[in-house]
A.B. asks: 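Take a look at this one; I'll ask things after.
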Amino acid sequence: MAEYTSRRRQQMGADVFDKEMQEAERAAAKGAEIERKKQEKREKLEQDPVYAACAKISKVMDQYYLDPIIGFIAPGAGDFLGTILAIPFAYVSLAKIKSIPLTLAIIFNTLIDMLVGAIPLFGDIFDIFHRSHKKNYRLLTGFIEDDKEIKKDVNKKALFCSIGIFVLIFLIYWVLKLAGMVVSFIWEQFTGLF
């Protein structure tokens with residue numbers, strides 16, 4: 001009888017071991033399937049022309065310092081162009097990656113660049129170091145490559161970015177209004193000479 005019980009326990013142990021192995025194999029297969037889908041999504045996104053445009057914009061505007069150069073040569077136009085060129089980044093983050101916190105972070109970076117860039121000379125120097133397009137591209141790449149640290153940081157700062165966007169829009173409005181008043185005053189003084 002004792003021999004029968006011992007054999008029975010060994011058989012039950014083997015069955016439990018087999019079940020655990022099957023569960024582990026299923027979990028590994030499921031993990032591999034998830035990783036394969038992520039890889040397919042990553043490859044599809046990297047072939048997207050808008051994402052490719054983001055890479056080129058980042059390189060041209062920030063790596064070759066075209067953003068501060070344009071801002072120095074044409075003060076208002078450079079900041080406007082830099083803001084317009086941030087649209088593809090926001091599009092990829094919202095439509096392709098489908099991340100609202102990422103989109104908020106991109107808009108926040110762009111508005112900071114726009115606000116500080118509106119200050120003559122100082123804004124152009126700031127553009128050399130801030131490099132908003134490069135930051136935005138790094139955020140996009142981090143999300144595409146599933147960088148846990150970038151995702152965690154962006155998600156953690158989402159509320160701050162959303163509040164910051166409203167504050168920056170308010171400040172940009174007043175800076176532009178002040179700049180308009182200064183230009184108007186200078187124009188009146190200039191035309192009053194003749």
A.B. asks: So among I112, L104, T110, which one has a side-chain contact (heavy atoms from CB on, under 4.5 Å) with I165?
C.D. replies: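 So the option named by the test is L104.
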A.B. asks: Would Y51 and Y137 count as a ring-ring contact (aromatic ring centres under 6.0 Å, His included) here? Give the steps.
C.D. replies: CA-CA 9 Å; Y51 179 73; Y137 185 69; 5.6 Å; yes
A.B. asks: Should D146 and K148 count as an ion pair when the cut-off is N to O under 4.0 Å?
C.D. replies: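 Between K148 and D146 there is a salt bridge, with a charged N closer than 4.0 Å to a carboxylate O.
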A.B. asks: Might you point out which heavy atoms bring G82 and H133 nearest each other, and give the distance in Å?
C.D. replies: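 In terms of heavy atoms, the two residues are closest at O-CE1, 3.1 Å.
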A.B. asks: How many angstroms lie between atom CD1 of I144 and atom CG of D48, to the nearest 0.5 angstrom?
C.D. replies: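 Output value for this atom pair is 9.0 Å.
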A.B. asks: Is the backbone N or O of S132 less than 3.5 Å from a side-chain atom of D113, with the two atoms forming a donor-acceptor pair by type?
C.D. replies: no
A.B. asks: Quick check for you: to the nearest 0.5 Å, what is the distance between K151 atom NZ and F143 atom CZ?
C.D. replies: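 Going from the NZ atom of K151 to the CZ atom of F143 covers 6.0 Å.
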A.B. asks: From C54 SG over to Y91 OH, what is the distance, rounded to the nearest 0.5 angstrom?
C.D. replies: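 C54 atom SG to Y91 atom OH measures 10.5 Å (nearest 0.5 Å).
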A.B. asks: Could you state the interatomic distance from CD1 (I100) to CG (N155), rounded to the nearest 0.5 Å?
C.D. replies: 11.0 Å
A.B. asks: Does a salt bridge link E40 with R36, judged by any charged N lying under 4.0 Å from a carboxylate O?
C.D. replies: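 Yes, this pair counts.
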A.B. asks: Starting from the C-alpha separation in whole Å, work towards a yes-or-no answer on side chain to side chain contact (heavy atoms under 4.5 Å, CB included) for F89 and I57.
C.D. replies: CA-CA 9 Å; F89 293 91; I57 290 168; 3.8 Å; yes
A.B. asks: What's the verdict on side chain to side chain contact (heavy atoms under 4.5 Å, CB included) for L111 and L115, showing C-alpha distance, side-chain angles and the deciding distance?
C.D. replies: CA-CA 6 Å; L111 290 177; L115 177 65; over 6 Å; no
A.B. asks: Restricting to non-hydrogen atoms, name the atom on K134 and the atom on D62 that form the minimum distance, rounded to 0.1 Å.
C.D. replies: N-OD2, 2.7 Å
A.B. asks: To the nearest 0.5 Å, how far apart are CG in L102 and CD1 in I97?
C.D. replies: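 Those atoms lie 5.5 Å apart.
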A.B. asks: In Å, rounded to the nearest 0.5 Å, how long is the span from CD of E46 to OG1 of T141?
C.D. replies: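 Output value for this atom pair is 8.0 Å.
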A.B. asks: If we check side-chain contact (heavy atoms from CB on, under 4.5 Å) with V92, which of these qualifies: T103, I87, V50, N136?
C.D. replies: V50
A.B. asks: Decide whether Y65 and I125 are clustered together by the hydrophobic rule: side chain heavy atoms of Ile, Leu, Val, Met, Phe, Trp, Tyr closer than 4.5 Å, transitively.
C.D. replies: yes
A.B. asks: Under 4.5 Å between side-chain heavy atoms, counting indirect links through other Ile/Leu/Val/Met/Phe/Trp/Tyr residues: same cluster for V154 and F160 or not?
C.D. replies: no
A.B. asks: Please report the shortest heavy-atom distance between P68 and M61, naming the atom on each side.
C.D. replies: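 What the structure gives for the nearest pair is CD-O, 4.1 Å.
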A.B. asks: Look at the rings of H130 and F126 and say which category their plane angle falls in: under 30° parallel, 30 to 60° tilted, over 60° perpendicular.
C.D. replies: parallel
A.B. asks: Between Q47 and E43, is any side-chain donor less than 3.5 angstrom from a side-chain acceptor?
C.D. replies: no
A.B. asks: Do E33 and K30 sit within salt-bridge range, that is, some charged N less than 4.0 Å from a carboxylate O?
C.D. replies: no
A.B. asks: Let's go through M114 and L168 carefully: what are the C-alpha distance in whole Å and the side-chain angles of both, what is the deciding distance for side chain to side chain contact (heavy atoms under 4.5 Å, CB included) to 0.1 Å, and is it a yes or a no?
C.D. replies: CA-CA 9 Å; M114 182 180 178; L168 288 171; over 6 Å; no
A.B. asks: I106 and L140: side chain to side chain contact (heavy atoms under 4.5 Å, CB included), yes or no, with the steps?
C.D. replies: CA-CA 9 Å; I106 287 172; L140 287 178; 3.9 Å; yes
A.B. asks: If we ignore hydrogens and angles and just use 3.5 Å, is the side chain of S162 paired with the main-chain N or O of L159 as donor and acceptor?
C.D. replies: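 At least one qualifying donor-acceptor pair exists.
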A.B. asks: Between P101 and A158, what is the shortest heavy-atom contact and its length?
C.D. replies: CB-CB, 3.8 Å
